[in-house]
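To find a chain, count down the sequence lines: A is the first, B the second, and so on, and within it residues start at 1.
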Amino acid sequence: MSDDLNDLYQEVILEHAKSPRNFKVLPDANRVAHGTNPLCGDNYTVYLVMDGDVVKDASFQGSGCAISKASASLLTSTIKGKTRAEVEALFGKVHDMVTTGHADDAMGKLAAFAGVHKFPARVKCAILSWHAAKAAVAGGGTVSTEGDEPKAG
Amino acid sequence: MPSLLPDWFALRADFPILDQQVHGHPLVYFDNAATSQKPRAVVDALVRYYERDNANVHRGIHELSNRSTNAFEAARERTRKFINARSIEEIIYTRGTTEGINLIANAWGGKFIKAGDVILLTEMEHHSNIVPWQMLAERTGAKLRYIPITGDEGLLDLDKLDSLLTPEVKLFAMVHISNALGTLNPVTDLCARARKLGITTLVDGAQSAGHLPVDVQAIGCDFYAFSGHKICGPTGIGTLYGRKEVLEQTPPWHGGGEMIATVDYFKSTWNTLPHKFEAGTPDISGPIGLHAALDYLDAIGRENIFRHDLELATYAYQRLSELKGVRLFGPKGERGGLVSFLLDDVHAHDVVTIADRYGVALRGGHHCTQPLMKKLGVPSTARASFYFYNTRAEVDRFIEVVREIQKFFGV
């Protein structure tokens with residue numbers, strides 16, 4: 001297995017893909033957003049319970065590849081307790097990390113996704129649920145990876 | 001038709017691109033259903049044209065224009081012969097299969113499809129043979145109807161055909177070889193049954209032209225569309241065959257230069273076939289490259305290519321079916337040269353990403369057949385698609401890599 005592949009499919013990613021956390025519907029969610037990648041069919045729904053500006057609980061449902069599923073799993077674990085502004089700032093950091101490979105120390109487990117930058121075709125997979133989360137904290141809706149990255153396929 | 005079997009391995013030397021390392025491994029190119037590689041003869045034809053003969057076609061008086069016009073029209077005659085059309089009037093250059101189908105949906109469909117008419121398709125069509133008809137149906141009030149498939153094996157459920165092929169059907173458009181399943185449809189029989197009812201037929205030949213002998217008169221279709229780039233030609237050139245009697249009744253699609261006979265400020269008259277459908281300066285190098293590609297393919301023999309690709313696909317299908325945790329799609333018997341599959345608990349994109357790092361180029365996704373994927377109940381599949389320059393040893397390597405992927409994901 002090449003080093004690049006081990007960087008992409010880190011232990012924590014494979015583990016979260018296999019046993020995703022918060023993989024359920026939150027019945028009392030007051031914010032819901034869908035994220036789709038029309039090119040590959042990845043499809044996730046992010047559920048949030050928000051109390052004012054703060055994410056009290058987060059979960060997700062849907063299907064996709066190991067990278068997108070692990071990303072959604074870690075996302076929903078990470079953003080609990082964060083404010084809307086904090087989630088939006090984190091979105092920016094994650095976006096930078098998966099496109100440049102640079103992870104700052106505060107990223108914690110999310111740093112596992114830094115290896116994605118060597119696989120440009122997979123950036124969308126890592127960022128998909130983050131787009132949905134960003135839409136959810138802002139009120140909900142449907143987001144698509146198209147328009148964010150160059151089109152292909 | 002050559003009588004001796006080609007030396008398949010020697011042919012690889014005609015494709016410099018195949019001789020390279022990708023991520024430190026020898027390239028195994030199994031994405032031929034998306035686009036084929038180009039032999040040196042095709043690249044050379046393009047270079048020769050641009051270095052020696054380049055000029056705009058038709059109407060030119062000077063020597064270079066004569067040369068380019070002759071080469072452009074010689075390619076049309078070569079294409080006619082390739083699919084055994086009766087006349088070059090039936091050969092329209094397009095950008096590819098998609099444009100050919102759109103031309104028919106707009107020009108022919110715009111005149112002949114009315115509210116309440118039915119357009120019959122199959123459940124295994126590529127988006128390019130669904131969306132133009134949806135757009136036409138939206139404009140005209142026509143309806144779409146689909147012949148179902150038989151589950152993962154992906155054959156057309158022809159028991160249903162009688163109930164679907166009714167007098168309201170005005171057009172029956174079908175794929176010859178499915179790009180997502182490998183299914184080889186009985187287009188000759190299907191066209192014959194449609195013809196008895198006076199239904200116009202279109203065959204999507206994107207995966208069949210250049211992969212098996214094609215004779216449009218024997219198939220009996222009214223339209224047959226294919227792309228050059230999937231059969232060793234350049235991108236950007238394709239061909240739409242239309243039966244002359246049908247094309248004559250079909251109005252032009254695009255207006256502009258070349259497609260007219262006379263132009264007045266308020267009224268114009270149309271050029272003869274096939275120029276009526278070719279507005280503007282065409283892709284000139286495309287047909288010239290395609291000509292070289294068709295010569296190359298016919299020197300090998302399309303019957304030989306079909307048998308070679310079928311053998312590889314059958315071998316790959318059998319090797320995959322021996323592994324645990326593999327779901328296979330498409331027919332078990334005769335098929336086009338591709339295998340579509342899924343590994344339990346591994347998404348197709350993860351399969352393709354890892355295979356790529358071993359030098360094996362696959363495709364993963366919905367293959368532009370989203371409705372088919374929904375019908376099969378999967379988000380996507382991984383696909384290995386073959387052409388004549390692929391080898392059994394490459395299939396063995398591919399299987400090794402699939403095993404590695406399964407191990408990686410602990411399957």
A:Leu8, part contacting chain B, at a heavy-atom distance under 4.5 Å: side chain
Which heavy-atom pair separates B:Asp350 from A:Ile67 by the least distance, and what is that distance? OD1-CG1, 4.1 Å
Quick one: side chains of residues 45-59 of chain A, donor-acceptor pairs under 3.5 Å with protein atoms, not counting sequence neighbours, listed by atom name and distance.
residue, atom, partner, partner atom, Å
A:Thr45, OG1, A:His34, ND1, 2.9
A:Ser59, OG, A:Lys24, O, 2.8

Heavy atoms of other groups near B:Asp19 CG, more than 12 under 6.0 Å: no
Taking atom CG of B:Asp345 as the centre, does the number of heavy atoms from other residues, nucleotides or ligands within less than 6.0 Å exceed 12? no
Contacting region of A:Lys69 [heavy-atom separation from chain B under 4.5 Å]: neither
Do you know which two heavy atoms are closest between A:Arg122 and B:His349, and how far apart they sit? NH1-O, 3.0 Å
Sorted by number, residues from residues 370-386 of chain B in contact with chain A (heavy atoms, under 4.5 Å): B:Gln370, B:Pro379, B:Ser380
Which one of A:Gly64, A:Ser63, A:Ala17, A:Ser68 has the most heavy-atom pairs closer than 4.5 Å to chain B? A:Gly64
Would one find more than 12 heavy atoms of other residues, nucleotides or ligands at under 6.0 Å from atom CZ of B:Arg95? no
A:Glu11 atom CD: more than 12 heavy-atom contacts under 6.0 Å: no
Would you say that more than 12 heavy atoms from the other residues, nucleotides or ligands in this model lie under 6.0 Å from the CD1 of B:Ile17, or not? no
Once side chain to side chain contact (heavy atoms under 4.5 Å, CB included) is applied, do any residues pair with A:Leu14, and if so which ones, sequence neighbours excluded? A:Tyr9, B:Phe408, B:Phe409
With a 4.5 angstrom heavy-atom cut-off, could you sort out which part of A:Asp42 is near chain B: side chain, backbone, both or neither? side chain
More than 12 foreign heavy atoms under 6.0 Å from CD of B:Gln20: is that the case here? yes
Could you pull out all donor-acceptor pairs under 3.5 Å where a side-chain atom in residues 225-234 of chain B meets a protein atom, sequence neighbours excluded?
residue, atom, partner, partner atom, Å
B:Ser227, OG, B:Thr97, N, 3.0
B:Ser227, OG, B:Thr97, OG1, 2.6
B:His229, ND1, B:Thr35, OG1, 2.6
B:Lys230, NZ, B:Ala33, O, 2.8
B:Lys230, NZ, B:Ala34, O, 3.1

